[in-house]
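A, B, ... follow the sequence lines: proteins, then strands. Residue 1 opens every chain.
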Protein chains: 2
Amino acid sequence: MAPATIKDLAKTLNLSPSTVSRALRDHPDISHLTKKRVMSLAKKLDYHPDTIAQSLQTKKTKTIGVIVPEIKQPFFASVINGIEELVYASGYTIIVCQSNEIYDREVLYTRTLVSHRVAGLLVSLSQTTQSLDHFKMLQRRGIPIVFFDRVSNDIEASKVVVDDYKGALAAVDHLIRAGYKRIAHLAGPINLSISKYRLKGYKDALKQNNLPFKPELVVYGGLDETDGVIGFQKLLNLAILPDAVFAVNDPVAIGAFVTIKEHGLKIPGDIALVGFSNTNVSSLLEPPLTTVEQPSYEIGKIAAQLLMDQIQNNDETFVPKFKILKTHLIVRGST
Amino acid sequence: MAPATIKDLAKTLNLSPSTVSRALRDHPDISHLTKKRVMSLAKKLDYHPDTIAQSLQTKKTKTIGVIVPEIKQPFFASVINGIEELVYASGYTIIVCQSNEIYDREVLYTRTLVSHRVAGLLVSLSQTTQSLDHFKMLQRRGIPIVFFDRVSNDIEASKVVVDDYKGALAAVDHLIRAGYKRIAHLAGPINLSISKYRLKGYKDALKQNNLPFKPELVVYGGLDETDGVIGFQKLLNLAILPDAVFAVNDPVAIGAFVTIKEHGLKIPGDIALVGFSNTNVSSLLEPPLTTVEQPSYEIGKIAAQLLMDQIQNNDETFVPKFKILKTHLIVRGST
DNA sequence: CTGAAAGCGCTAACAG
DNA sequence: CTGTTAGCGCTTTCAG
């Protein structure tokens, strides 16, 4: 029951393998008649090209590697959906790897993906990634990489992000207009651009509204739910509690959310809360979470599009693209 | 900057490619000295075997295909984590595909995975899957398949499931003991085993407690949040409302949850609610959702283990294994 | 213990 | 328009 090969087709049609190969790929040289004959036999024998052999020959595969921190985060799951949508349409497959926020794993997976001869990479950096040498090595080998969401300035490549700055600005501005004056920020790892820009948006919103920036109201941490818990506990130690919290993302916001409630504080009565990301969870909380929506599916599609373009044009004069997508503040009961 | 090949190593060491190949794979024929020389040069030149070429030769790849309905469902995301954990340890990679609950996509992806020469498949069926011929074809080609969670009796293969029957029984029994008497069930697609067994658990719990089974209290639907919405709306049409709802899974429960609240009904005061799956969301609802926890991560690990065993032993006398994992009722505020 | 030769399934010059 | 030849990088007999 071994699958049919080009040789098999060639033999039963009295053609050479190369002719069959060309017919299959709709090469202009081949006569209409032979194409028909080849095609119909191929269908009959359920012939499918051996991608492995194809790849060995062409030095190219039709698989692209995706590295995300964690697929269980709805944001990334949705980005992956976007990527898949676009990429499968061109006959490509994706291999999804999770760094689990661990730098070493990220490095390991880039290795694995190289030895799988992926045509390109789509990457969102882990929280703990410091050096980007592992990616630069791939670029030197001619493997295109597009970064999304968690990007870095330390590498030249196409990037797709949302307007973190404006999103944060809008969120904090909204808090201020709603009357909150002592607004804390649960910030993310400062090596990630998203953390930087969201922090900057926070600061500038204060400034634009003539509110003082108080360093003690900014707590730095990670991007997970536990970081929200820890972060808010730190805020609890302040002499005067904040009246609102802007979290760097929804998981952190949820950590804070739980902790706030555990301490018997009311949302938004005692403390208002804003997140960033709009995972589907946020709307189910009681009260539902005000958050900055990111077009996650779109991010995936656009990043994939950029990558496919780069794969298909072996352009010498390639210039990295930088796409910034709009965010959208969703006001709900938590503010 | 082309990556180093076995030939390169052979040339600079004055050895034949075959010797180098053997040395790399720690073949007993090769002298300790040459092994050392080969290994150290390999390290120096950053040599990595070309998996593509390897596969072409051995007719085997070290990638395994995973087909799930949707990765954005936390349950499947967690299963995938379990799979990954086990599989990467043996140097394998996974290709994750989403059927998006569409039968045709499932068929399409099995094709793709075959032409990628995957070593095996891990599958959770889509809601709309009727025939299993596409999987049987793979089995005929000698590709092992292990099904998990969403399985079917119509195919012989190893399967990993949770004890859906007992889980449902425990959930409904809990409702009855808590005093609820008119318990509705939002059931899933009846072609899936999980729906069947959960429905059976529901029925038997009623019987064991001498409560009548009322067909009008069972609403059949899909497994998504919208199905919970639609399902509960149907229940609203009843002359007498149920006092509790057992949903086939958490997404459906959440759909019902939202709808219940929209209609101004109190949980659990007016209507109690139980789900199945324990996505992390369920604990964040207000009130938090009582649900039947499934060891999702474990399911992934065990399914992967079964598959790896089957891949590694080309045993003629292979007998499919059937693993049933325990569930665990988590009682929270919704009941 | 090592090497020479063949071939996995496919594509790509180069000839006709 | 079609066939011949060679080779991608690796493993694997079969000979030494």
Q: Would you mind reading off the distance between B/Asp8 atom CG and D/dC8 atom P, rounded to a whole angstrom?
A: 11 Å
Q: Are OP1 or OP2 of C/dG9 and a side-chain N or O of A/Tyr47 less than 4.0 angstrom apart?
A: no
Q: For the pair made of NE2 in B/His32 and C1' in C/dC1, what is the distance, rounded to whole Å?
A: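 The answer, rounded to whole Å, is 15 Å.
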Q: Give a yes/no on whether any side-chain N or O of B/Lys59 is located under 4.0 angstrom from OP1 or OP2 of D/dT11.
A: no
Q: Tell me what A/Leu56 touches on the nucleic acid: a base, only sugar-phosphate, or nothing, going by heavy atoms under 4.0 Å.
A: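 Counting heavy atoms under 4.0 Å across all strands, the contact made by A/Leu56 includes a base.
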Q: Does D/dC1 have its OP1 or OP2 closer than 4.0 Å to a side-chain nitrogen or oxygen of A/Lys35?
A: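 Result: no.
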Q: Is it the case that the base of D/dG9 and the side chain of B/Gln54 share a donor-acceptor contact (distance under 3.5 Å, atom types as modelled)?
A: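 Check fails, no donor-acceptor contact within cut-off.
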Q: Taking CG from A/Leu13 and C1' from D/dG3, how many angstroms apart are they, rounded to a whole number?
A: 15 Å
Q: In this structure, how many angstroms lie between the C1' atom of D/dC10 and the CZ atom of B/Arg25, rounded?
A: 9 Å
Q: Once you round it to whole Å, what is the distance between C1' of C/dG7 and CD1 of A/Ile6?
A: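 A/Ile6 atom CD1 is separated from C/dG7 atom C1' by 16 Å.
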Q: Does B/Tyr109 form a ring-ring contact (aromatic ring centres under 6.0 Å, His included) with B/His134? I'd like the steps, not just the answer.
A: CA-CA 10 Å; B/Tyr109 287 150; B/His134 50 306; over 10 Å; no
Q: Answer yes or no: does a side-chain N or O of A/Lys60 lie under 4.0 Å from OP1 or OP2 of C/dT11?
A: no
Q: Could you tell me whether A/Arg111 and B/Asp46 have a side-chain N and a carboxylate O separated by less than 4.0 Å?
A: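 B/Asp46 and A/Arg111: salt-bridged.
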Q: Can you check the B/Lys62 NZ to D/dT11 P distance for me, whole Å?
A: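 Result: 11 Å.
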Q: How about A/Lys136: does its NZ atom have over 12 heavy atoms from other parts shown lying under 6.0 Å from it?
A: yes
Q: Between atom CD in A/Gln57 and atom C1' in C/dA13, what is the gap in whole Å?
A: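 Taking atom C1' of C/dA13 as the reference, CD of A/Gln57 is at 11 Å.
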Q: B/Ser126 and B/Glu101: side-chain donor and acceptor closer than 3.5 Å?
A: no
Q: Expressed in angstrom and rounded to an integer, what is the separation of B/Leu9 atom CG from D/dC10 atom C1'?
A: 12 Å
Q: Taking only N/O atoms, report every protein-nucleotides 2-4 of chain C pair under 3.5 Å with atom names and distance.
A:
unit_1	atom_1	unit_2	atom_2	d
C/dT2	OP2	B/Ser31	N	3.1
C/dT2	OP2	B/Thr34	OG1	2.9
C/dG3	OP2	B/Ser16	N	3.0
C/dG3	OP2	B/Ser16	OG	3.4
C/dG3	OP2	B/Thr19	OG1	2.7
C/dG3	N7	B/Arg22	NH2	2.8
C/dG3	O6	B/Arg22	NH1	3.0
C/dG3	O6	B/Arg22	NH2	2.7
C/dA4	N6	B/Ser18	OG	3.2

Q: Would you find more than 12 non-hydrogen atoms of other residues, nucleotides or ligands less than 6.0 Å from B/Lys35 atom NZ?
A: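 Enclosed.
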Q: Taking atom types as modelled, find out whether A/Glu85 and A/Asn81 have a side-chain donor-acceptor pair closer than 3.5 angstrom.
A: no
Q: Could you walk me through whether A/Ile194 and A/Val161 pass the side-chain contact (heavy atoms from CB on, under 4.5 Å) check?
A: CA-CA 9 Å; A/Ile194 55 170; A/Val161 296; over 6 Å; no
